[in-house]
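Report on one structure; see the data block that follows.
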Protein chains: 2
Amino acid sequence: MQQTDFDLSGFTPYLLNQAAEAQSVDFSSIYKNRYGMLRTEWRVLFHLGRYGPMSAKEISTLANIHKTKISRAVRALGEKQFLARETSGTDRRVEHLVLRPPGHEAFDYLVEAAAEHERALSRKLGKQNVKTLKLLLKALASRQ
Amino acid sequence: MQQTDFDLSGFTPYLLNQAAEAQSVDFSSIYKNRYGMLRTEWRVLFHLGRYGPMSAKEISTLANIHKTKISRAVRALGEKQFLARETSGTDRRVEHLVLRPPGHEAFDYLVEAAAEHERALSRKLGKQNVKTLKLLLKALASRQ
DNA sequence: TGCTTATGGTTACTTTTGTAACTAACAAGG
DNA sequence: CCTTGTTAGTTACAAAAGTAACCATAAGCA
């Protein structure tokens, strides 16, 4: 690749961003419009729905999200009555986060929407291509 | 894909974000640390270096970036002495943005860094895989 | 010309994110 | 117990991004 020929539209970080943004518009509009949720809120909700009650710290570690972002997302989800916070009996610094019925409903709805999103993607690119794409993305995400 | 089996780590928007973020850390740290630039500033600088002088509106259209983001990036680049603004002779609303020597230097340095970034990526994934990846990302970015 | 509408660009305001400092609780060693 | 060091979580402040309203100029047209 010659310097003078370098084209931003073929630059991987740029392409990744464009693709991520385009995909995000599709999906994030769902949890934004329907539940007024932010991305971190969706991710926190997802972890609680998928893996059951856990602490903010556990989500932070599992999902690799900074604790301040988790803290804000948890508060927001609490205000929406999507989860309850129960102080741990063994360590009073820790709060166990538990989904409440509205949280479960939102989780179910969003997981189905996500699955549909994946099916649409498969129809668009083909099953094999999606598989390849995911493999490559995982390789990129794991920083060596 | 069954709902109860749905795994966020295999969800395409999530994977895209993780990959984009990981790649971004690699490259954005260069223009951030070396020049104190933001992503939009780098993109504006790139367009001026690659395609020559043009107006904010032209960059906005070409790069698909909102005009307020362009406006802020242009001001920042001006403060860094990376570009000059010349009011158009034919339309006094328009300013032609022209790179100044420090801007050219930064452009050259960053384009070379970007090229090296791409080479490293090729070594990591293999040339063919990078090609495939880009094709798929472009398909995703073009919203149908 | 005079009126309306559109365009390039900036500014003001709000929302979101990043960073660092902070509180409260625990843990380990003396 | 007391000191020192950690850890879970929150808060405060600063940086950044999104949105909408706002100038100034230009363009279209009666």
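Chain naming here is simple, since letters A, B, ... match the order of the sequence lines and numbering starts at 1 in each.
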Using atom [atom1] of [X] as one end and atom [atom2] of [N] as the other, report the distance to the nearest whole Å.
X	N	atom1	atom2	result
B:Arg39	C:dG18	CZ	P	12 Å
B:Glu21	C:dT17	CD	P	11 Å
B:Leu38	D:dA15	CG	P	12 Å
B:Arg92	D:dA26	CZ	C1'	10 Å
B:Ile59	C:dG8	CD1	P	13 Å

With the sugar-phosphate defined as primed atoms, P, OP1 and OP2, and the base as all remaining atoms, what B/S/- string results for nucleotides 5-11 of chain D, 5' to 3', for protein heavy atoms under 4.0 Å? --BSBBB
Does a side-chain heavy-atom distance below 4.5 Å link A:Leu77 with A:Met37?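 SC-SC contact between A:Leu77 and A:Met37 confirmed.
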Contact under 4.0 Å: A:Lys69 side-chain N or O vs C:dT17 OP1/OP2: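 The answer is no; no side-chain N or O of A:Lys69 sits under 4.0 Å from OP1 or OP2.
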Any chain of hydrophobic side-chain contacts (each under 4.5 Å) joining A:Leu135 to A:Leu121?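 The answer is no; the residues belong to distinct hydrophobic clusters.
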If two hydrophobic side chains count as joined below 4.5 Å and joins carry through other members, does A:Leu15 share a cluster with A:Leu125?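 Yes, one cluster joins them.
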Heavy atoms only: give me the nearest A:Ile30-A:Ala113 pair and the separation to one decimal.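 Between these two residues, the closest heavy atoms are CD1-CB, 4.0 Å.
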Are the aromatic ring centres of B:Phe46 and A:Phe11 under 6.0 angstrom apart?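 Between B:Phe46 and A:Phe11, the centre distance exceeds or equals 6.0 Å.
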Identify every side-chain donor-acceptor pair in residues 63-70 of chain A under 3.5 Å, counting partners at least two apart or on other chains, and give the distances.
| residue | atom | partner | partner atom | Å |
| --- | --- | --- | --- | --- |
| A:His66 | ND1 | A:Thr68 | N | 3.2 |
| A:His66 | ND1 | A:Thr68 | OG1 | 3.0 |

